[in-house]
Amino acid sequence: MSAPSVLYDAPGPKAKARNHGYTAAFIVVIGAIAWYVISELLDSGQLDWPRWEPFVNGSGVWTAYILPGLQNTLIAAALAIVIALPLGAILGIARLSQHLWIRAIAGTIVEFFRAVPVLILMVFARVIYFEFTTLPEENLALFSVVTGLVLYNASVLAEVFRAGILSLPKGQTEAASALGLRKTQLMTLILLPQAITVMLPAIVSQLVVTLKDTALGGAILSFPDLLDSVGKITANFGSNVIASFVIIAAIYIMINSLLTWFAGWLERKLAKRKKAPKAKPIHIATETGAGASMDMGGGGDSGSD
Amino acid sequence: GDRNADSGNSGNSGASGGIVAKAKNDKKLTIGIKYDQPGIGLKTPDGKYEGFDVDVARYIAKELGVEESGITWKEAKTPERENLIEKNEVDFVSASYSMSDARRKRVAFVGPYYQPGQDLLVKAGRTDITDPEKLNGKKLCSVKGSTSAQSVADKYAKTVQLQEYTTYSECLTGIDSGLLDAATTDNTILAGYAKANPGKYKVVGRPFTTENIGIGLSLKDAEAKTAIYNALKKLQDTGEWKKLMEKHFAGAEGYTIPAAPPAQFTDK
Amino acid sequence: MFDLIEKYNVLDAFWLTIKLTFYAAILSLIWGTILAGMRVSPVPAMRAFGTLYVNLFRNTPLTLILVATSIVLKNTLGVTMFADEQSQDFFAILDFRLAILGLTAYTATFVCESIRSGINTVPVGQAEAARALGLSFAQVLRIIVLPQAFRSVVGPLASVLIALTKNTTVATAIGVAEAAGILRAMIEFESDRIMVVFLIFALGFVILTLPTGLILGQVAKKVAVKR
Amino acid sequence: MTAATPAPPMIRMEGVDKFFGDLHVLKDINIEVPAGQVVVVLGPSGSGKSTLCRAINRLEPINQGVIEVDGKPLPAEGKALAGLRADVGMVFQQFNLFAHKTIADNVALAPVKVRKMNKGEARQHAMGLLERVGITDQAEKYPAQLSGGQQQRAAIARALAMKPKVMLFDEPTSALDPEMVQEVLDVMTNLAKEGMTMLVVTHEMGFARRAANRVVFMSDGEIVEDSTPDVFFTAPKSDRAKDFLGKILTH
Amino acid sequence: MTAATPAPPMIRMEGVDKFFGDLHVLKDINIEVPAGQVVVVLGPSGSGKSTLCRAINRLEPINQGVIEVDGKPLPAEGKALAGLRADVGMVFQQFNLFAHKTIADNVALAPVKVRKMNKGEARQHAMGLLERVGITDQAEKYPAQLSGGQQQRAAIARALAMKPKVMLFDEPTSALDPEMVQEVLDVMTNLAKEGMTMLVVTHEMGFARRAANRVVFMSDGEIVEDSTPDVFFTAPKSDRAKDFLGKILTH
Ligand SMILES: Nc1ncnc2c1ncn2[C@@H]1O[C@H](COP(=O)(O)OP(=O)(O)OP(=O)(O)O)[C@@H](O)[C@H]1O
Ligand SMILES: Nc1ncnc2c1ncn2[C@@H]1O[C@H](COP(=O)(O)OP(=O)(O)OP(=O)(O)O)[C@@H](O)[C@H]1O
Ligand SMILES: [Mg+2]
Ligand SMILES: [Mg+2]
């Protein structure tokens with residue numbers, strides 16, 4: 001039951017046969033590349049069991065290095081999002097203000113922090129905390145990582161909030177006004193609840209971005225995050241760097257895939273209830289990663305014409 | 001147990017009473033060590049701490065009246081050691097801490113308690129690299145922020161190709177595959193790796209500099225300086241120093257345990 | 001401010017940032033388009049590979065990808081990326097190319113997803129109308145679908161390009177001396193003028209990214225298909 | 001124009017002008033709708049019907065002229081405006097039900113929040129209205145789960161819940177599948193029979209003939225004709241109306 | 001069923017079944033449309049009208065049965081299928097004009113690319129067709145700049161440009177404002193008069209009565225009635241047809 005595709009006609013018997021041919025050829029090519037990589041790894045001894053053994057034989061790498069690192073990563077990401085959300089909401093609503101000067105200030109802040117790389121924000125947060133505060137050294141890295149992430153994510157979330165509110169059909173505002181609801185009632189009863197459900201998937205996606213960005217803290221600020229645990233593992237088990245990277249990458253991928261899946265599930269679940277006539281896709285420059293296209297849902301048509 | 005997790009305000013005493021008083025009264029100390037340097041300072045997967053610097057720290061603590069159970073270990077990464085001391089978050093640092101003039105502006109040193117020299121690490125069985133001059137046209141690895149590799153290029157081998165990494169483990173993968181010919185840093189660190197990976201690497205054994213490694217602590221705590229001086233002197237005098245060196249470095253291919261440095265345990 | 005820029009060769013560092021961005025952008029565009037082609041192809045194996053690739057690389061921190069190019073490709077597999085092994089700059093050139101490779105591997109996933117969503121913005125009716133007129137598969141693609149898809153992809157690709165520009169800073173993790181690479185030295189030695197240092201870097205990136213956003217934003221608006 | 005009666009007309013517009021930029025979309029509009037009358041507004045697309053309708057509860061502010069509802073001039077903003085809007089029910093072409101609330105909540109929301117009715121009472125009242133429009137069984141569903149016809153009937157119930165003095169309809173059936181048009185028109189016809197004052201923009205000629213007291217024909221922002229349905233459909237005066245009827249009635 | 005004539009029917013479907021997953025949307029469809037006949041397909045929403053229409057040029061592949069156009073079975077893919085589609089014109093509810101090309105280019109595109117006509121000639125031909133549907137002055141505009149009625153007329157011109165043997169219309173007027181319906185129906189009526197074979201899915205009863213030779217009524221994927229317009233509208237046989245007509249004709 002193939003839904004009609006914009007790219008392909010419904011395949012006939014020849015097309016089906018051709019596709020089988022391509023499948024076979026492609027699998028051969030991929031197989032050859034995989035074989036080359038694996039044999040190189042074997043030759044260089046990277047797949048030798050002793051390099052991998054510590055991860056399964058209860059040597060304590062998990063409890064001593066990986067889990068504490070993971071815990072720090074999760075704490076930093078969670079803190080960053082929790083702080084960035086209200087800031088982003090304020091900035092986003094400020095950008096919709098009727099007063100030009102409020103819009104201008106909020107706009108400048110948002111555009112500035114979206115232009116500066118997170119890494120540079122983190123590095124300077126650290127310098128500033130060190131010079132001008134009495135924060136304990138061991139929290140300094142965490143605070144700097146979180147600060148960089150908050151500044152950046154608040155700006156991105158501001159755009160998400162703004163887009164979320166703007167994506168609602170104009171008819172919702174009009175119907176509410178026509179019933180005699182006041183401006184604040186309109187915002188709190190009608191617009192925000194709908195905007196937030198529309199935005200939830202985007203917010204979860206942003207969490208993925210944040211989680212990945214914490215790794216900058218490990219590489220640059222000696223924040224003892226998940227990625228940073230590689231150094232300690234390899235110091236104990238010789239040069240099993242590749243094994244360590246593979247395990248750590250797998251953890252990131254698993255968590256982020258789970259979050260991405262959750263975002264998608266949420267989106268589908270909300271879409272079912274909302275079944276908007278036409279979703280208006282909104283593109284927001286995110287991350288260190290990039291224009292994650294966010295389907296903001298919400299109707300495209302405005303009730304009036 | 002992961003002591004790194006508890007935030008411990010144990011360090012604060014430095015400003016008030018000094019660490020000698022603290023050790024005496026509270027029976028507690030917070031000490032900065034390396035977590036990722038085999039032979040020097042290493043946090044093992046079962047939560048233990050080992051290495052020459054760690055044992056020296058234990059000895060000093062004991063001399064100050066603090067048992068192992070009273071020690072809180074803290075990771076002291078290279079760029080953070082001064083900060084940790086200045087902010088009184090550790091009582092002292094024992095982490096292959098070179099006593100450089102730049103650092104003396106911010107922290108006090110007691111030492112040297114050992115004097116490694118810069119040396120080279122190569123694949124076991126390799127015979128062509130016998131001293132730094134042989135590195136011309138070869139690929140040499142060191143770790144970011146250390147000046148050791150640059151000095152080889154400046155002084156011994158003009159056409160060496162330099163590569164910098166974040167950790168020495170990364171250098172080792174390059175030596176394993178043959179991409180890199182050698183790694184350079186203090187011979188004790190190299191010996192730590194050689195010993196941890198028996199039969200894989202060897203130290204060339206021709207140190208071409210002399211580093212002074214000391215215990216770092218607050219500039220303000222004169223009493224502590226003396227106490228640590230006494231502890232280190234006792235370490236040498238009792239022959240314990242030699243035992244610790246052998247415990248951690250004996251058997252590393254190409255590395256010979258040197259004599260204890262001349263007893264001159266306080267900074268100028 | 002200008003003395004600092006001169007003393008630390010800030011302009012050279014930013015020039016390296018620009019070069020990294022430029023090469024990585026071109027290569028990501030190519031690789032991302034190929035990936036997108038796989039993800040929308042009628043061949044299940046290609047679709048599966050494209051999906052797997054995108055999910056793996058998009059969910060891994062860029063930092064880890066870059067460090068892995070250095071450790072896995074260079075150190076372990078001995079990949080030299082056509083750099084001259086005898087050259088004194090061997091490692092500088094190799095690391096620069098590895099950074100481009102890592103940035104490309106990562107950024108291509110976002111290019112791929114942008115293109116894919118661009119294709120999705122073309123209503124099925126456009127292709128059906130073209131097929132109903134008797135246009136062949138290739139003609140439908142070339143004359144109707146892709147021209148419309150590319151127009152709606154300009155905006156999202158601009159965001160990807162901006163993100164890439166900022167992401168080049170992560171190359172500092174493998175020792176490439178782009179803008180963020182000289183940061184450490186400047187912070188250490190100019191700690192009394194720290195705000196000036198910050199402004200130099202912040203403004204540098206604002207100058208690099210803002211025009212890109214504005215210009216491509218205009219272009220996107222201009223070529224947008226009105227429906 | 002009808003002569004002034006002792007009771008003020010429910011809607012009165014006098015010399016109303018409205019511009020969108022340079023576009024003059026309402027030109028010197030004068031109209032009165034006495035209480036209990038049903039007025040159907042006809043006219044080609046873009047003639048200003050929606051704008052006229054939306055001006056009455058100030059969803060579109062006007063540039064010139066006077067609008068009065070039940071004898072009181074239209075307030076410009078704030079509490080007073082919200083109060084007036086509460087008295088004027090409006091039904092849109094796109095239904096505009098609140099997508100995140102159930103049908104019953106859609107209907108009960110404004111009575112609670114604006115009229116400060118207590119929740120239980122508002123709910124009971126809402127169920128009564130849903131029965132009146134024939135969708136009691138849909139009360140706990142979300143708008144997206146209903147057919148277009150059911151949604152529009154719910155939207156009418158929502159407007160009625162405020163006990164409005166007058167109801168405005170802007171093409172209430174044009175977004176519906178043909179089979180659902182009738183069920184909505186039936187609800188509207190009943191409302192007309194019960195004596196509700198109504199201003200209805202629609203293309204449903206059957207409804208206009210059956211239920212309207214008056215037909216107003218607009219073209220290019222002007223009111224071109226204002227007569228009874230009988231007169232308008234059998235003997236339109238202007239060429240523009242004739243042309244329009246010709247187009248709309250042949251099929 | 002009409003008896004077989006010496007000339008093959010323009011469209012022939014025999015025992016056609018179509019499933020969407022588990023949903024049986026076309027059930028044993030048998031129908032023949034002789035050359036020159038105009039067949040109107042009626043039926044409630046979801047009854048399978050569009051699917052029937054789209055099956056004829058294989059925009060929807062079928063699961064079972066035979067479809068022939070002008071005596072030749074429908075090819076499965078490739079050049080042969082494209083060639084057949086070039087001979088079958090199709091007009092969609094949503095117009096589906098190529099959004100990035102002007103009206104004239106929309107019309108001239110396929111003759112150049114498929115029929116290999118030279119560009120100048122194709123353009124001249126296109127302008128002739130645009131004149132025939134009454135929108136010569138819109139030739140250089142983009143689809144989004146036109147009204148719905150104009151777009152649909154352009155879409156008809158685009159289909160005619162291929163000189164098709166048969167034209168399929170899938171609800172060509174349901175996305176239009178009421179005043180524009182007529183202008184499109186006029187074009188279609190003229191086409192019918194000129195002898196084009198047409199299969200038209202529509203809710204416009206007026207057009208069905210006026211222009212159709214036959215009315216086919218579908219319900220739940222089946223052809224329930226197949227008769228002349230007169231018979232169908234005055235004496236529908238099945239209850240389903242009666243019910244449908246009841247709903248659709250009251251307003
Ligand atoms: N928000 C707006 N901004 C600019 N022009 C507008 C706006 N709303 C309506 N117009 C224009 O004002 C004119 C009148 O529009 P209006 O919607 O009142 O017409 P209408 O009679 O309701 O048409 P329809 O039958 O298509 O609904 C049209 O030319 C329209 O394009
Ligand atoms: N691509 C598809 N995938 C799954 N089901 C489909 C698809 N297209 C149509 N259907 C289903 O097939 C049935 C027949 O659809 P079809 O569009 O042919 O009906 P229709 O008579 O044209 O209705 P309408 O008057 O609403 O256009 C419907 O139940 C519809 O939901
Ligand atoms: Mg209107
Ligand atoms: Mg249909």
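Per chain, numbering begins at 1; letters A, B, ... match sequence-line order.
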(request) Check whether Leu97(D) gets within reach of chain A through its side chain, its backbone, both or neither, counting any heavy atom under 4.5 Å. (result) backbone
(message) If I take atom NZ from residue Lys113(D) and atom CD1 from residue Ile190(A), how far apart are they, to the nearest 0.5 angstrom?
(response) 9.5 Å
(request) Check whether Lys79(D) gets within reach of chain A through its side chain, its backbone, both or neither, counting any heavy atom under 4.5 Å. (result) both
(message) Once rounded to the nearest 0.5 Å, what's the spacing between atom CZ of Arg85(D) and atom CG of Leu181(A)?
(response) 10.5 Å
(request) Give a yes or no on whether the backbone of Leu189(A) and the side-chain of His100(D) come within a donor-acceptor separation of less than 3.5 Å. (result) yes
(request) Return the minimal non-hydrogen interatomic distance between Phe92(D) and Ala178(A), and the atom names on each side. (result) CZ-CB, 4.2 Å
(message) Does any backbone or side-chain atom of Gln172(A) lie under 4.5 Å from a heavy atom of chain D? Answer side chain, backbone, both or neither.
(response) both
(request) Counting only heavy atoms closer than 4.5 Å, note whether Arg115(D) contacts chain A via side chain, backbone, both or neither. (result) neither
(request) Could you tell me whether the side chain of Ser177(A) reaches within less than 4.5 Å of the side chain of Leu59(D), counting heavy atoms only? (result) yes
(message) So which atom in Arg158(D) and which in Ala175(A) form the shortest heavy-atom distance, rounded to 0.1 Å?
(response) NH2-CB, 3.4 Å
(request) Verify, without hydrogens or angle tests, whether Gln94(D) (side chain) and Gly171(A) (backbone) share a donor-acceptor contact under 3.5 angstrom. (result) no
(message) Are there over 12 heavy-atom neighbours, none belonging to Glu77(D), within less than 6.0 Å of that residue's CD?
(response) no
